[in-house]
Amino acid sequence: MCGIVGYIGKRQAAPIILDGLAKLEYRGYDSAGMAVFDGEKVNVKKAVGRLKVLEELTHDGATMPGTVGIGHTRWATHGAPSDVNSHPHFNGDKTIMVVHNGIIENYIPLRAKLQKKGYEFVSETDTEVVAQMLDYYYDGNPMETILKVLHRIEGSYALGIMFADHPGELFAARKGSPLVVGQSEDGCFIASDVPAILKYTRTVYFVDEQEVVRLEPDHMHFYTLDEEEIEKQPTTIEWDADAAEKAGYEHFMLKEMYEQPKTVTDTLLPRIKKDTIEIEELGLSDEEIARIRKIHIVACGSAYHAGVTGKYVIEGLARIPVEVDLASEFRYRNPILEEGAMVIVISQSGETADTLAALRESKARGFKVLGIVNVVGSSIAREADNVMYTWAGPEIAVATTKAYSAQLIALYLLAMKFASVKKTIKEEEYKKLLRDLKRLPDQIELLLNNKKNIQHFANRYIGARDIFFIGRGIDYAISLEGSLKLKEISYIHSEAYAAGELKHGTISLIEEGTLVAAVSTQPELYQKTISNMVEVKARGAFVLAVTNEGNKEIEKAADYVIYIPETNPYFANSLAIIPLQLFGYYVAVGRGCDVDKPRNLAKSVTVE
Ligand code: AGP
C-alpha cells in the first residue's frame, strides 16, 4: 500500500507534495521520492527510509523549484526498499515520470517484451515497466499514450504521470487502488486519499474505476479508457484534517470495526457465484482437495485465533483433521508434516516474521502453502504457493478487527468448499450455510449499532485489574480473541480459558466482583457453559454472557447478557466478536489509552 500526491498550479509544488505525503505516511513508509519540473527539465529525488529523509535531502522541497510535480511514499511490494526501487520511476531520458500504488500483475512479460526491444531496467519494480511502456508508445500525445498503456497492463493501479514536454499537464488514472483529485484557486491536486490535500481544498473528486484524469493548473478533465470525456460531481469534504484520515471516527480502530460489514461482504461475495462457492485462487483441483489428509493452520495473534475457529469449522463441516499452531512454535518444533498435508498460513500484514518463517519451513519440506493474507503483494502473499486475499483494505489500527473478520470468512469458505468436494454435507445444509453466510454483514451491522449499551457497560470496568473470558469449542476461540482485544489496547490483564479448564487452577483467581465474560453460542454446550458460569459466580464473579437470541436460560446464571442474532453455530464467531471488540475498545477509551497505537506493539511484527 503506497501513497501518491501530485500538484499543478501557481505555487511551488515540492512543499505541497511533501506535506501531502506526510499525511499519507500511514499508507507506506519504507522509502519516498518526488519529481518536479523546474521550467526546463524534471528533477527527481528519492530516498530509502522515512519521508523525513526526503525532506532533509530536498531541504523541505526548497532544492526542487517548480510548480508541477508528483511524489510517492512506498510500502514495498515488488523489489526491496531501496533508493533505486523508490518512486517516481522514469524512462531512459527522464522525460516521463510515474508514481504508482497497486500491483501490475503482468509486469514480467511486459518487461521482457521491452527488453527484447532494447529497453534497460534499473529497478526490480513493476512500476518501472509502466514508465518504459509510456516511453515505448509515446508519440507526443500524452493522453493517447496513457490509454494505450492502460489497455495493456493488468492488475491494480493509482497512477500519477508527468511528461517533461507537457509541463502544463499532469495525468492520473485509477483501477483498483484509491485515488482522489481536487481543485483550489491555487491549482489542482492528485492524492491516494483525502487527508493529503484537505489542507488545500475540500472540493474533491473520487476517481472511479478505469478513469483517467488530465489536470491543468486551473481545470481537470475526466475520461474513460475509451477517451470519452465524462462529467463528474465533486464531493465537499466536511471532516477536519485529522478526522479525514479516520473518516470522521475518533480512532482508526472504531472506523475499521464499522467497516466490517463491508470487508465481510468484499471477502465473501466474489467467491460465491450462482450460489456456489468458487475459490479460484485456491490453486487446488477437486481431486487434490479430496486427497487432503490433514490441514496445518499456522499464524500469530489474532490470526492464530481465527485459525482456532477454522479448526472447529473445517473439522466440523469437512471432517478433515486440522492442527493449529502458533507460528513461533511451529517453526522450531520440527513439525511432522505427512503426505497429504496442506499448510495454511494466516496473516493480515503478510510480513509477520514467524509466520513467514513457518511458510518457508513448510515449503522447504515440499508442502504447498496457502496464504490467507490482507496486504496485496506482501512477502507472505508473494511466497505462498496460492493466496486467498481477505479484501479488508488497509488496516491501520494495531488491534485488528476488520481483517480478523475477513479471515473468518475465508476460513468458512474453505471449510464449505472442502465439505462440498468431500460430500460431507448435504446440498440442503450447504444452501442453509450459504444463506447464513450472506446474512452476516447485516447482522454485524446490527451488533455495531448496539455500541452505546456496550460503552455504558464497559465504563464500569475501566478500573478492573483482571478480566477473564471463557468458552467451549468455538466459544473458546472467540474468548481468545475477545481477551486479546481487551488487553492489547486497555493494558488490563486478561486471560481466555477453555471453560471446562477453569476449575483446574485459574478459578482460584476469581474474586468478588471479578468480571468473567462467558461466551455461549454453541447450543449443544449451553448447559456445560452455564455450569461454569455458576461455578465462577459462586466465587464472587460478575458474569457477562454473550449468547444467541432465544437462549433465555442463561439469564439465571448471568448478571449481564449480550444477545447475538441467530446464525449457524459455525459462524457465531463473526457475530459474538463484535460486542467483545466494542467492549475492549470502550474500556481502552475510558482509560485514556492510545487505542490505535498501543504501547509496546507494532502493526506488523516483522522481527522474531
Ligand atoms: C491483533 O490485534 C494484533 N495486532 C496481533 O496479535 C496480530 O494479529 C499478530 O501480530 C499477527 O499479525 P498478522 O496478522 O499481520 O500476521
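Any value given below was found using the heavy atoms of this structure, including those in side chains, with hydrogens, waters and symmetry copies removed. Atoms within each ligand, like the ligands themselves, are counted from 1 in listed order. Position 1 is the first residue of the sequence, and the numbers go up from there.
If you check which protein heavy atom lies closest to atom 8 (O) of ligand 1, you get Ser302 N, 3.1 Å. What sits closest to atom 10 (O) of ligand 1 on the protein, heavy atoms only, is Val605 CG2, 4.0 Å. Closest to atom 9 (C) of ligand 1 among all protein heavy atoms lies Cys300 O, 3.8 Å.
The N/O atoms of Glu488, backbone and side chain alike, include one that comes under 3.5 Å of an N/O atom in ligand 1. Residue-to-ligand polar distances place Gln348 within reach of ligand 1: an N/O pair is separated by less than 3.5 Å.
With hydrogens and angles left out, the side-chain atoms of Asp266 and Tyr389 include no donor and acceptor closer than 3.5 Å. Remark: the Arg472 side chain and the Asn532 side chain contain an N/O donor-acceptor pair separated by less than 3.5 Å.
Contact annotation for Leu484 and ligand 1: only side-chain heavy atoms (C-beta onward) come within less than 4.0 Å of the ligand. With a 4.0 Å heavy-atom cut-off, ligand 1 is reached by the side chain of Lys485 but not by its N, CA, C or O.
Minimum heavy-atom separation, Lys485 to Met253: CD-CE, 4.1 Å. When all heavy atoms of Gly283 and Asn386 are compared, the closest pair comes out as CA-OD1, 3.6 Å.
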Take Leu580 and Val519 through the test side-chain contact (heavy atoms from CB on, under 4.5 Å) and record every step on the way to the result.
CA-CA 10 Å; Leu580 298 182; Val519 184; 4.2 Å; yes

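Nearest to atom 4 (N) of ligand 1 by heavy atom, out of Val398, Thr352, Ile380, Ile489, is Val398.
Ring pair Tyr461/Phe542 is tilted by interplanar angle, where 30° to 60° counts as tilted.
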